Amino acid sequence: MRRLGPLASADVADSGSWIERDVACVWHGFTQMGAYADNRPVIVERAEGRELIDVDGNRYLDAISSLWVTTLGHRVPELDQAVRDQLDRVAHSTMLGNGNRVVIELAEALAPRVPVDGARFLFASDGAAAVEQALKIAFQFWTNQGVAGRTKYLAFGGAYHGDSIGSLSVGDGGFGTDVFDPLRFPVLRAPSLGEPGAVEAATDLIAAHASELAAVVLEPLVQGAAGMALVPPEAVAAVAEAAAARDVLVIHDEVATGFGRTGTLFATEQCGARPDLMVLGKGITGGYLPLSATVASERVWRAFLGPDLSERTFYHGHSYSGNALAAAVALRHLELFDEWHVLANVKARAEQLGHRLAGSVAPLARVGAIRRCGLMAGIELAPPTDGLRWGRRVSAACVERGVLIRPLGDVVVIMPPLTITGEEIDRIVDVIAEAIIEVTTTEVAAPTTAPSGQGEP
Ligand SMILES: *Cc1c(COP(=O)(O)O)cnc(C)c1O
């Protein structure tokens, strides 16, 4: 095995001791630390292209895009260079009351590409923070105009919008977050928009509660964390129409679907809608640096104009809002999308993935359903009893074969980088099919304590 890396310690330590060191001081999100080491985590040291390389030199095809953030691959020379070039200018300067050249350039480049009229960008670092900003902007949009009582939100079954208290409130729970229910503020909730009758339920709720609603918040085309629940474009358009008719703001959360995953730069484009607010995150920097944005329409933004220091100001902002390094890499990333014809590859590879899943995975016993939109796919396993942890076990069997997969409960998620090749798609599907056969035909073990369906995003 090839020796790797400049770290002297990498030569003496195997992954076992790295895992011990990890457990001794790092707390991993959405992870039971008591079981972490037993689940044989991959300790990444470096990467090449779409492969992650661990401290022992083992390679793993990153079939989940490092939890849905990586778009073009790891260590893209052009993106690396964009960070280096920006380092020679400035790493960060505050956006509160002052500006930064590369942030202006990024907003100018994004403005004509986002499906929001007269787009204004309020940057943050994580998706949840940008969702939180959208909720607060929608709320203050009404109070700024002297409209009282518009304090509620309409959200959907299966929704996931992040883990801060506000974003958790509009989300539908699950993933073990029910413990926080007492902290959530109440919202109106319609069924997931792919379910029969959901559009009628949503439009009825909008009609009945319009005078109390600040905004409707939805994930267009795909509810990723719900296990790739599909949202029909006509349903998104129908909700937009009903909301516009009653003057309720619409927020599109494109943190997961944005930046090409569904085959267009934004999923909203396929729905023919123009939301008042849109939330971007995850893929915005190609997976390089934490950056998110709340995009507001000019109409929304205008409602905040007023005298200096007046109460119409949006009194909200994060320390690292508009980080210059992140903005520089996001700007170069957007250019590369066009230069490399990334969306053409997404379309071709998505079609191939659909065919391969239909041919090699759908016919397998114990595969319940396959859902896919662009390069976002979920394979729902149908275990005979609860507690078998099939999602976890199939993913582990994939990792053993060098393909990094992480499930959502018993849904095996495939979300490869957008530059994935035809051979790599074949490899991912072949490995997943093998892993499903291995686990579902040989595992008759007694149920474990972990409840089935409790996934981790
Ligand atoms: C991941 C995600 C979020 C939260 O983003 P973070 O950067 O993890 O805070 C919000 N909405 C959707 C749809 C997501 O998939």
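All of these numbers come straight from a predicted model, not from anything done at the bench.
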Dump the intermediate steps for side-chain contact (heavy atoms from CB on, under 4.5 Å) on Leu230 and Leu221, then the final yes or no. CA-CA 6 Å; Leu230 300 181; Leu221 291 192; over 6 Å; no
Any sub-3.5 Å donor-acceptor pair from Ser360's side-chain atoms to Leu357's backbone N or O? no
In terms of heavy-atom contacts, does CZ of Phe185 have more than 12 from other residues, nucleotides or ligands at under 6.0 Å? yes
Can you name the closest pair of heavy atoms from Val236 and Pro220 and give their distance? CG2-CA, 4.1 Å
Given the side-chain rings of Phe266 and Phe259, with only the six-membered ring counted for Trp, is the space between their centroids under 6.0 Å? yes
Does any part of the side chain of Arg356, heavy atoms only, come nearer than 4.5 Å to the side chain of Asp426, both counted from C-beta? yes
With Phe156, which of Val231, Val187, Leu218 fulfils side chain to side chain contact (heavy atoms under 4.5 Å, CB included)? Leu218
Has Gln223 got a side-chain atom pairing as donor or acceptor with Gly157's backbone, closer than 3.5 angstrom? yes
Taking it one step at a time, do Cys398 and Leu404 satisfy side-chain contact (heavy atoms from CB on, under 4.5 Å)? CA-CA 7 Å; Cys398 291; Leu404 190 66; over 6 Å; no
Would you find a donor on one side and an acceptor on the other, under 3.5 Å apart, between the side chain of Arg401 and the backbone of Ala397? yes
Thr294 vs Met278 side-chain heavy atoms within contact, under 4.5 Å: no
Flag for Ser192-Glu195: side-chain donor and acceptor within less than 3.5 Å: no
Side-chain donor or acceptor of Thr264 paired with backbone N/O of Glu269 under 3.5 Å: no
Is Arg189 reaching over with its side chain to a backbone N or O of Gly171, donor-acceptor style, under 3.5 angstrom? yes
Just by modelled atom types, is the Asp410 backbone N or O under 3.5 Å from a matching donor or acceptor in the Glu380 side chain? no
Does the side chain of Asp54 come under 3.5 Å of the side chain of Tyr60 through a donor N or O and an acceptor N or O? yes
Think Arg393 forms a cation-pi with Trp390, using NZ or CZ under 6.0 Å from the six-ring centre and within 45 degrees of its axis? no
Kindly give the heavy-atom pair with the smallest separation between Val216 and Ala243, and that separation in Å. CG2-CB, 4.4 Å
Determine whether Glu48 and Arg46 satisfy the following criterion, salt bridge (charged side-chain N to carboxylate O under 4.0 Å, His left out), listing intermediate values before the conclusion. CA-CA 7 Å; Glu48 269 172 30; Arg46 55 197 292 268; 3.4 Å; yes
Between Tyr288 and Asp80, a side-chain donor and acceptor under 3.5 Å: yes
Give the intermediate values and the outcome of side-chain contact (heavy atoms from CB on, under 4.5 Å) for residues Leu336 and Leu79. CA-CA 9 Å; Leu336 291 179; Leu79 296 181; 3.9 Å; yes
Under the 3.5 angstrom rule, does the side chain of Glu45 hit a backbone N or O of Ile53 as a donor-acceptor pair? no
Taking ring-ring contact (aromatic ring centres under 6.0 Å, His included) as the cut-off, I'd like each qualifying pair that reaches into residues 335-358, sequence neighbours left out, listed once. His333-Phe337
Asp56 side-chain N/O to Asn58 backbone N/O, donor-acceptor pair under 3.5 Å: no
Contact summary for Tyr153 and Ala214, nearest pair of heavy atoms: CE2-CB, 4.1 Å
Do you know which two heavy atoms are closest between Asp163 and Ala128, and how far apart they sit? N-CB, 3.8 Å
In chain order, what residues pass the side-chain contact (heavy atoms from CB on, under 4.5 Å) check against Ser292, with sequence neighbours excluded? Ala124, Ala130
In plain terms, say whether Glu105 and Arg332 are close enough for a salt bridge, that is, a side-chain N and a carboxylate O under 4.0 Å apart. no
Can you pull the ring-ring contact (aromatic ring centres under 6.0 Å, His included) pairs that have at least one residue in residues 34-56, sequence neighbours excluded? His28-Tyr36
Please check if the number of heavy atoms outside Glu351 that lie under 6.0 Å from its CD is greater than 12. no
Output yes when a side-chain donor or acceptor of Arg261 lies under 3.5 Å from a complementary backbone atom of Pro417, and no otherwise. no
Would you find a donor on one side and an acceptor on the other, under 3.5 Å apart, between the side chain of Ser65 and the backbone of Pro416? yes
Pair Glu51, Arg59 - check salt bridge (charged side-chain N to carboxylate O under 4.0 Å, His left out), show working. CA-CA 6 Å; Glu51 286 190 329; Arg59 287 168 174 268; 2.9 Å; yes
